[in-house]
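Heads up: the structure comes next, in structure tokens.
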Amino acid sequence: MHMSEIMEMLIRRGYLWQSFEIYGGMAGFIDYAPLGNNLRRKIENIWRRYFVINERAAEIDTPTIGIEEVFIASGHATSFTDVAIECESCGRVYRADHYVKEKLGIEVDETVEAVKEVMDVYELKCECGGKFKDPAPMNLMFSTTIGPGRGKKGYLRPETAQGMFVDFKRLANFFREKLPFGVAQIGRAYRNEISPRQGVIRLREFNQAELEFFVHPGEKKHPNFSLYANDVVKLVDKFDNEHEISLEEAVEKGIIANQILAYFIGKTRRFLLEIGIKDEKLRFRQHKDDERAHYATDCWDAEVLTSYGWIEIVGIADRTDYDLKRHSKYSGEDLSVFVPYDEPVKVRKRKIVPILSKLGPVFRQKAKKVAEALESLNVESEPEEVEVEVDGEKIKVTKEFFEVQDVEEEVVGEKVIPHVIEPSFGLDRITYSVLEHSFGKDVVDGEERRVLRLKRWVSPIEVAVLPLLSREPFESKAMEIVHTLRENGIFTDYDDSGSIGRRYRRYDEIGTPFCITVDHQTFEDDTVTIRDRDTTAQVRVEVSKLPEILKELLRSERDITEFGEVFRQV
RNA sequence: GCGCGGGUAGUCUAGCGGUAGGACAACGCCCUUCCGAGGCGUUAGCCCGGGUUCGAAUCCCGGCCCGCGCACCA
């Protein structure tokens, strides 16, 4: 079995494990081991701070199972189902539409029937010369049954986004019908990948953090854009042109379509840097026209360089009003918000005013509907006769039943279906990338050392307390400090096994930024040493000040030598 | 899904038809005033299922997993 050095360490030290391992495992599923789970939680919390707390946004949690209607409306039931054709002799499987286009130059609908027809007419053969079996659908969504017996068809959600679109009416109301607002969700999503591979890079069950930011279609801006306007980012546009450019300039030059996309690119970059992604291994790449999802008009991926090459870890898409329109159409609900104008607009209108006293006797019970139909007509001149449709019946109405009036109406606003900008984060890939970008080696005292240089604030174990000697009174004193630090909310570990040097290396390898050592001097003046993972330098501080100093160190990148007398400098 | 290569303690590895050996790690005890020290001891393994054989980790078939290539990746 081949395994990269980093994966070997992650498994051995308790970051990630293969799921169902004792039963032989199953590709596409991983377990977050204790350290990996803690790391991902910390990354999620930082994400929350960026994309929920610091936006006009709220986080919700909706079911991971969705009913069929949702995915018919979203388009996943069709566009997530590729029609596949399989060769009888060589066994190769192709996406039917791709293969037909490549071989015959024909655009074929992605339905089994359409593909079958084309295959029959052109007697389509496999590259190997073999015959194809009948085309069959290949759905990337896991399906399930809700309720007993035949039940109701459901799917495991392929993205968390739909739960937020489905709740739009309630959400718009929650935000008092005022744009813009954002809705976030962190949770599991599922795709029945054909061949999941490359460790955590392609999973069948994965973790997403998504923000749906609803904006007025005419105002694709963000009030806080100035925060990131001068940030210089690496961009690869859809023509493969590379730019190293400020976001402001990228918007001005039209490389990024609008300000709000640029805003989220900037924010995403800051977030990724904060959790430990390396700037020089980060770029934003625009989707090519034939690459975008069925719902997006523009999309920029954050990509990071790892041992698997450049991999996508975030997608920032302009989904426009696609989803809300579709759900509106399929559910029959009005999913617009009312946007008042800054000032009411006076509109002169020529309209038909029905004369109910005349309509009533003639049209009887239909009179009311006829009147409503008349009112909704647009007229320019003064017609002798108009035609309206009531319950599918066409009715001619002559001018004795209505008047044409010129009226001036005050319009205070309009109904708008918001557009949505969606930054969507793949947490598993992000967590893995952070680990890979933090993994390093150096030489300490002439020996190679493996060290995980995680940012202090994402490290799963923040502090390790170590008795210099594994005997009393060192052990009791160390345990006492452990309890104090834990009470202060610091993730603290205790270790008295082996020699002190071995323990330092252990904590270096899993990325613990600080080790506290209880030594002989501790019993003379109640001081201990703090050792820094990256420099291996140590400073001596009073035990009573430990919680305060460690909390400051863990939320900043300050040097430990600011906090005490240097005890041992390597 | 197809093809090629692989799967032996936690990790790495030897064995390749005759009852599995080592290194490191882990755990316990001893020793140790600061960067994978030493001594003694302990735990722990042939991916799963079938076949061939007197006998299978070893040969054959199927499955699962891992790596690579093709295909797929809303």
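Keep in mind the model is a prediction, meaning the values are calculated, not measured. In what follows, chains carry the letters A, B, and so on, assigned in the order in which the sequence lines appear, proteins first and then strands, with residues in each chain numbered from 1.
If you check distances only, the side chain of A/S497 never reaches the base of B/A26 with a donor-acceptor pair under 3.5 Å. Judged by atom type and distance alone, A/R531 does not reach the base of B/C34 through any side-chain donor-acceptor pair under 3.5 Å.
The residue among A/Y504 and A/R12 whose nearest nucleotide of RNA chain B lies closer to the 5′ end is A/R12. Projected onto RNA chain B by closest heavy-atom contact, A/S470 and A/D508 fall at different nucleotides, the more 5' of which corresponds to A/S470.
Rounded to whole Å, the C1' atom of B/U19 lies 15 Å from the corresponding atom of B/G45. On the P atoms, B/G6 is 23 Å away from B/G10, given to the nearest whole Å. Distance check on atom C1': B/C59 versus B/G18 gives 15 Å, rounded to whole Å. The gap from the P atom of B/C30 to that of B/G67 amounts to 45 Å, rounded to the nearest Å. For the C1' atom pair drawn from B/C27 and B/A9, the interatomic distance equals 14 Å after rounding to whole Å. The P atoms of B/G50 and B/A44 are separated by 25 Å, rounded to the nearest whole Å. Rounded to a whole angstrom, the distance from the P atom of B/U11 to that of B/A26 is 14 Å. Rounded to whole Å, the separation between the P atoms of B/C16 and B/G21 comes to 14 Å.
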Name the pairs: protein N/O against N/O of nucleotides 48-50 of chain B, kept only if under 3.5 Å.
none

Could you go through nucleotides 36-41 of chain B and list every protein N or O atom that sits under 3.5 Å from one of its N or O atoms, giving the distance for each pair?
from: B/G36; atom 1: OP2; to: A/E447; atom 2: OE2; distance (Å): 2.9
from: B/A37; atom 1: OP1; to: A/R502; atom 2: NH2; distance (Å): 3.2
from: B/A37; atom 1: OP2; to: A/S499; atom 2: OG; distance (Å): 2.6

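Distance CD (A/E524) to P (B/U33): 14 Å, rounded to an integer number of Å. Going from atom CD of A/E193 over to atom P of B/G1 covers 14 Å, rounded to whole Å. In this structure, CD1 of A/I6 is placed 16 Å from C1' of B/U11, rounded to the nearest angstrom. One atom, CZ of A/F20, and another, C1' of B/C66, lie 17 Å apart when rounded to the nearest Å. One atom, CD1 of A/I22, and another, P of B/C64, lie 18 Å apart when rounded to the nearest Å.
Residues A/Y32 and A/N38 have side chains that never bring a donor and an acceptor to within less than 3.5 angstrom of each other. For the residue pair A/T536 / A/R449, no side-chain donor-acceptor distance below 3.5 Å is found, with atom types taken as modelled. Checked by atom type, the side-chain pair A/Y15/A/N37 shows no donor-acceptor distance below 3.5 Å.
Taking CD1 from A/I430 and CD from A/E44, the interatomic distance works out to 10.0 Å, rounded to the nearest 0.5 Å. Between the CD1 atom of A/I316 and the CG atom of A/L211 there is a distance of 10.5 Å, given to the nearest 0.5 Å.
Listed candidates were B/C64, B/C66, B/C72. Nearest to the side chain of A/R202 is B/C72. Distance from the side chain of A/Q538 is smallest for B/C34 among the nucleotides B/G1, B/C34, B/C65. Listed nucleotides: B/U32, B/C27, B/C65. Nearest to the side chain of A/Q18: B/C65.
Here B/G38 sits opposite B/C30 as a Watson-Crick or G-U wobble pair (both hydrogen-bonding atom distances under 3.5 Å). Nucleotide B/G62 forms a Watson-Crick or G-U wobble pair with B/C48, both donor-acceptor distances falling under 3.5 Å. B/G69 is paired with B/C2 under the Watson-Crick or G-U wobble criterion, all donor-acceptor distances under 3.5 Å.
For the pair A/P513 and A/L454, the minimum side-chain heavy-atom distance is 4.5 Å or more. Counting heavy atoms from C-beta outward, A/E462 and A/R456 have side chains that stay 4.5 Å or more apart. When side chains are defined from C-beta on, A/Y507 counts as touching A/I510, because their heavy atoms get closer than 4.5 Å.
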**Study point:** Steps toward salt bridge (Lys or Arg N to Asp or Glu O under 4.0 Å) verdict (A/E242, A/K234)
**Key:** CA-CA 7 Å; A/E242 292 181 27; A/K234 239 175 297 167; over 6 Å; no
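By the 30° and 60° cut-offs, the orientation of the rings of A/Y308 relative to A/Y432 is tilted.
Residue-level contact check: A/G498 touches neither bases nor backbone, having no heavy atom under 4.0 Å from any strand.
Remark: A/D526 engages A/K477 in a salt bridge (charged side-chain N to carboxylate O under 4.0 Å, His left out) (not counting sequence neighbours).
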